[in-house]
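See structure below.
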Amino acid sequence: MSDLARFLPLSHRSAGDDAAAPSDRRAQVASVVTLAAAVLTHEPAPATETFLREAGLAGADTSGSLSRLAETIATGRRRRIGDLTRVARAYLALPAERRGPLPFAVAGAVALAASTRAPFARRAAIAGHTVRATDAGWTFGRGPEISASADDIVAFLTGLSDTPPRRNPIS
């Protein structure tokens, strides 16, 4: 009877199962805010205010700096995938020539979450496909493969871009 519980969905997961899909996204949110801080260092204050508003952090105390805010987030209250999605979307809205890519684990988590919450037209564009990040090593879904960079997939699913992942032409 003790082996039976292993086969029941979500009922008796081991502690190690939570590491694969953490529900607390504080560290990831903080890492994206840190990336944004590097981009916004030499930008005027309105750019930082816009980032904070779009990231859902508009009421946060930024009297120190965005880096200090990232530290506060890392040790503060729990953050959910929705918080991470908003921060990642706000980061990708920053000028592409000044920012680096999202961390691949962040992009994967956001893409997977956004694939279930995106507007119908965006979900329909990826439905019935395996979505593969060409630069990140992650995939989700089933069916014929469509691909793009991790950031491009996140940008499409969060509404920043209208270019969906595409099938690779057969060479």
Connected hydrophobic set around Val110, excluding itself, where side chains approach under 4.5 Å: Val29, Val32, Val33, Leu35, Val39, Leu40, Phe51, Leu52, Leu57, Leu66, Leu69, Ile73, Ile81, Leu84, Val87, Tyr91, Leu92, Leu94, Leu102, Val106, Val154, Leu160

Qualifying salt bridge (Lys or Arg N to Asp or Glu O under 4.0 Å) pairs with a residue from residues 127-136, counting only residues at least two apart or across chains: Arg132-Glu145

All side-chain hydrogen bond (donor to acceptor under 3.5 Å, both in side chains) counterparts of Ser147, not counting sequence neighbours: Asn168

Distance-only side-chain donor-acceptor flag, Thr85 / Arg80, under 3.5 Å: no

Contacts of Arg26 that satisfy salt bridge (Lys or Arg N to Asp or Glu O under 4.0 Å) - sequence neighbours left out: Asp24

Contacts of type side-chain hydrogen bond (donor to acceptor under 3.5 Å, both in side chains), residue Arg142, not counting sequence neighbours: none

Pairs satisfying side chain to side chain donor-acceptor pair (under 3.5 Å), at least one member in residues 109-121, at least two apart: none

Salt bridge (Lys or Arg N to Asp or Glu O under 4.0 Å) partners of residues 62-75, not counting sequence neighbours, each pair once: none

Side chain to side chain contact (heavy atoms under 4.5 Å, CB included) partners of Ser161, counting only residues at least two apart: Ala155, Thr163

Closest heavy-atom pair and its distance - Leu157, Ala114: CB-CB, 3.7 Å

Set of side chain to side chain contact (heavy atoms under 4.5 Å, CB included) partners for Thr130, sequence neighbours left out: Thr139

Selection residues 84-105 - residue pairs positive for salt bridge (Lys or Arg N to Asp or Glu O under 4.0 Å), sequence neighbours left out: Glu43-Arg98, Asp83-Arg86, Arg99-Asp151

Contacts of type side chain to side chain contact (heavy atoms under 4.5 Å, CB included), residue Pro44, not counting sequence neighbours: Pro46

